[in-house]
Number of protein chains: 2
Amino acid sequence: MEFDARVPIYLQIIDKIQRDIILGRLKEGEKLPSVRLMALDLKVNVNTVQRVYQELEREGVIITQRGIGSFITEDEEIIKKIRQQMADELLKNFLEGMKGLGMSFADIVKCLKDYISEEEKKDAANKRPD
Amino acid sequence: MEFDARVPIYLQIIDKIQRDIILGRLKEGEKLPSVRLMALDLKVNVNTVQRVYQELEREGVIITQRGIGSFITEDEEIIKKIRQQMADELLKNFLEGMKGLGMSFADIVKCLKDYISEEEKKDAANKRPD
DNA sequence: CCTAGTGTACTATTTAAATATAACAGTAGT
DNA sequence: ACTACTGTTATATTTAAATAGTACACTAGG
């Protein structure tokens, strides 16, 4: 895993784990690696992982049992909720940012569609480089 | 000005100044407040403002003359360029984030439109609270 | 009981950002 | 020359994030 030096590592790890849950890469009830193993894995300090797990537990995303391990919640509502939270956060940040550049809602939608068209061109090109 | 504790103050000030230029609140060739005055204004340390000005000068957004002051560039190309850079950054961050939640391009556009509809409802309600 | 694996807690250190403070250096107006 | 404004540089201190290392506490399995 690669980190962006501009944002705290522990926040990036939280984000990654939440995405893995949302995408189904981590299943409900599944056991997470121990803090020590996760730390080795990410080449990060144990205390940093500890902080990540504590924060995730505070949010109800994982459940930790001393001596046993940490497990993804089986409460689907919480998972739906964090998915919604993350999407809202992205939308809000994007819209506020674009409006702050002087764009109307219509401008923003157009801008997004144009950008997506470009991306789709690239994707298509990558799929058949024969 | 209010700062988000999660991101370095100097980056937030750079962002603010660039937006003010893009929106025309700061005109081409206009003189910026001295580092000391800006520091007082933002309730921030002089060194922090100094760092901001240095960074903006490195990008060509402002031109600094020792003993005289710092001035917004008159090169419109640079201003267009940073506007494009900021929009691209927002688009990239938004799209990557939403794709990372499992959404297709179509999902993302729909999501944005829905969100905008909600915002427009709020705006309309705020305009006539009679 | 013992051991291996787990979470938890504590202290010390490093690093980058921000602050506080002071000094240095160039420019313009008087 | 003097003064008041400008940017620039430097040193020391504070704070939060991250690291390093150690110890403690709980659980399950043999």
Side-chain angles (χ1 to χ4, degrees), chain A residues 1-18 20-21 26-74 78, chain B residues 1-18 20-21 26-74 78:
Chain A
M1 183 172 177
E2 289 168 4
F3 297 109
D4 179 342
R6 289 171 300 182
V7 14
I9 292 179
Y10 79 100
L11 291 179
Q12 297 180 59
I13 300 175
I14 288 174
D15 190 87
K16 177 64 164 49
I17 292 175
Q18 287 182 337
D20 282 347
I21 295 172
L26 289 172
K27 305 292 186 190
E28 298 173 15
E30 183 173 342
K31 184 172 183 299
L32 285 168
S34 74
V35 287
R36 289 171 180 82
L37 186 55
M38 175 75 88
L40 274 179
D41 233 38
L42 300 177
K43 289 168 187 166
V44 136
N45 192 268
V46 177
N47 299 321
T48 306
V49 177
Q50 175 67 10
R51 186 167 180 180
V52 168
Y53 281 16
Q54 271 177 352
E55 185 62 21
L56 286 171
E57 170 143 48
R58 203 184 56 74
E59 290 175 12
V61 175
I62 71 177
I63 290 148
T64 289
Q65 290 174 280
R66 192 186 185 111
I68 304 181
S70 296
F71 303 83
I72 310 294
T73 180
E74 306 203 5
I78 289 185
Chain B
M1 185 173 177
E2 288 169 5
F3 298 109
D4 180 342
R6 289 171 301 181
V7 15
I9 291 178
Y10 80 99
L11 291 178
Q12 296 180 59
I13 300 175
I14 289 174
D15 191 86
K16 177 62 164 48
I17 293 175
Q18 288 183 338
D20 282 347
I21 296 172
L26 289 172
K27 305 293 185 188
E28 300 173 14
E30 184 172 341
K31 184 171 184 296
L32 285 167
S34 74
V35 287
R36 289 174 180 83
L37 185 56
M38 175 77 87
L40 273 179
D41 232 39
L42 300 177
K43 289 167 187 167
V44 137
N45 192 269
V46 178
N47 300 321
T48 306
V49 177
Q50 175 68 9
R51 186 168 181 180
V52 168
Y53 282 16
Q54 272 177 351
E55 184 63 22
L56 287 172
E57 171 143 47
R58 204 184 54 74
E59 290 174 11
V61 175
I62 71 177
I63 290 149
T64 289
Q65 291 175 278
R66 192 185 185 113
I68 304 181
S70 295
F71 303 82
I72 311 294
T73 180
E74 306 203 6
I78 288 185

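Chain naming here is simple, since letters A, B, ... match the order of the sequence lines and numbering starts at 1 in each.
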Measure across Val52(A) and Tyr10(A) and return the closest heavy-atom pair with its distance rounded to 0.1 Å.
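Looks like CG2-O, 3.6 Å.
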
[X] (side chain) and [N] (base): donor-acceptor pair under 3.5 Å:
X        : N       : result
Asn45(B) : dA18(C) : no
Asn47(B) : dA17(C) : no
Arg36(A) : dG5(C)  : no

Reported CD1-to-CD distance for the pair Ile9(A) and Gln12(A), which is rounded to 0.5 angstrom:
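Between atom CD1 of Ile9(A) and atom CD of Gln12(A) there are 7.0 Å.
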
Which nucleotide, dT27(D), dA28(C), dT6(D), lies nearest any side-chain atom of Lys31(B)?
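Looking only at side-chain atoms, Lys31(B) lies closest to dT6(D).
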
Where each residue is assigned the nucleotide of DNA chain C containing its nearest heavy atom, which of Val35(A) and Arg66(B) is assigned the position nearer the 5′ end?
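Upstream on the strand: Val35(A).
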
What nucleic acid atoms does Arg51(B) come within less than 4.0 Å of, heavy atoms only: base, sugar-phosphate, or nothing?
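Here Arg51(B) touches the backbone only, sparing every base.
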
If you look at every strand shown and take non-hydrogen atoms under 4.0 Å, does Gln54(A) touch a base, only sugar-phosphate, or nothing?
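Sugar-phosphate only.
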
Between [X] and [N], is there a contact of a side-chain N or O with OP1 or OP2 at under 4.0 Å?
X        : N       : value
Thr64(B) : dT6(D)  : no
Ser34(A) : dG5(C)  : no
Ser70(A) : dG7(C)  : yes
Thr48(B) : dA17(C) : no

Spacing of Ile68(B) atom CD1 relative to dT8(D) atom P, expressed in whole Å:
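From Ile68(B) CD1 to dT8(D) P: 12 Å.
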
Kindly check if the number of other-residue, nucleotide or ligand heavy atoms within 6.0 Å of NZ (Lys27(A)) is above 12?
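It does not: Lys27(A) NZ has 12 such atoms or fewer within range.
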
